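Everything below concerns the one structure shown next.
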Amino acid sequence: IHALTYLGRHDEALPLLDAAVELHPNEPARRFPRATIHLLNERFAEGWDDYAFRHLASVAHVRMLPFSLWRGQALAGKTILVLAEQGLGDQVMFASCLPDLLALGPARTIVEVVDRVAPTIERSFPMCEVIATKQDNAFAWVTQLGSVDYFVAMGDLPRYVRRERSAFPRHSG
């Protein structure tokens, strides 16, 4: 399956992955390659749903907080904390979803990013409270936030705001 995926033979790999997911629906090793194929082929809803299983691949990268996990619920008047994940480039890429999140009307949007990218995110999204961290499990900064209704991993934002091609912003450059 992996060889077919890496060779770009998606039409052959996808039925095999579908069958593997049917047998083992929570196995990230089967979901992630399928996510890649779906995303490459602009089947965004299916791709982002499979991509969400990346958290199960390694507990070393799971970061949980004592707030409700945001799964697309209404945000009007709520406070949401967006947790940093992956590397600098990924954080910049996923930050492109912040305007979509802000359009949902949260009263407060707190965005954790790794300290090296924080100035860029602050300049780009002045309506967000940006928290610069080392992106580790030292969550002392969370105690200073006050009331938080939801949290979400930054890489999960497209799952809720970019489920189809038309949801992506148009750029001329």
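Note that the structure is a prediction, hence the values are computed from the model and not measured.
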- May I ask you to decide if the ring planes of F32 and Y51 are parallel, tilted or perpendicular, using 30° and 60° as cut-offs? tilted
With rounding to the nearest 0.5 Å, note down the distance linking [atom1] in [X] to [atom2] in [Y].
X	Y	atom1	atom2	result
T79	D149	OG1	CG	5.0 Å
L157	L98	CG	CG	6.0 Å
R43	D50	CZ	CG	10.5 Å
L104	I80	CG	CD1	8.5 Å
D156	L83	CG	CG	10.0 Å
I121	C128	CD1	SG	9.0 Å

Looking at every heavy atom in both [X] and [Y], which two are closest together, and how far apart are they?
X	Y	result
G47	A35	O-CB, 3.4 Å
P25	F53	O-CE2, 3.5 Å
T109	P106	OG1-CG, 3.1 Å
G155	R54	C-NH2, 3.2 Å

- Query: Can you check side-chain contact (heavy atoms from CB on, under 4.5 Å) on L145 and I131, steps first, answer last?
  - Reply: CA-CA 10 Å; L145 297 179; I131 307 290; 4.2 Å; yes
Count I, L, V, M, F, W, Y as connected when their side-chain heavy atoms are under 4.5 Å apart, and connections chain through other members. Are [X] and [Y] then in the same cluster?
X	Y	answer
L23	L16	no
Y150	V113	yes
M93	F44	yes
L88	V82	yes
M127	I110	no

- Side chains of E164 and S166: donor-acceptor distance under 3.5 Å anywhere? yes
- Message: If only side-chain N and O atoms count, and only distance matters, is there a donor-acceptor pair under 3.5 Å linking Q135 with Q91?
- Response: yes
Around [X], counting heavy atoms of other residues, nucleotides and ligands shown, do more than 12 lie under 6.0 Å from its [atom1]?
X	atom1	answer
E22	CD	no
Y6	OH	no
F125	CZ	yes
D136	CG	yes

- Candidate pair T36 and H38, rule side-chain contact (heavy atoms from CB on, under 4.5 Å), full reasoning: CA-CA 6 Å; T36 302; H38 284 313; over 6 Å; no
- Message: Per the salt bridge (Lys or Arg N to Asp or Glu O under 4.0 Å) rule, what does the pair list look like for residues 101-119, sequence neighbours excluded?
- Response: R63-E112, R108-E129, D115-K134
Side chain to side chain, [X] and [Y], heavy atoms closer than 4.5 Å:
X	Y	value
T133	V114	no
H10	N41	yes
C97	L101	no
V111	M154	yes

- Residue pair E85, D90: steps toward the side-chain contact (heavy atoms from CB on, under 4.5 Å) verdict: CA-CA 8 Å; E85 68 167 304; D90 298 296; over 6 Å; no
- Pi-cation contact, F168 with R162 (under 6.0 Å, within 45°): yes
- Task: Check step by step if ring pair (Phe, Tyr, Trp, His ring centres under 6.0 Å) holds for W48 and Y160.
- Result: CA-CA 9 Å; W48 293 129; Y160 302 107; over 10 Å; no
- Message: Treating W70 as the side-chain partner and Q73 as the backbone partner, does any N or O pair qualify as donor plus acceptor under 3.5 Å?
- Response: yes
- Message: Taking side chain to side chain contact (heavy atoms under 4.5 Å, CB included) as the criterion, tell me which of L14, L39, D49, T5 meets it with R34.
- Response: L14
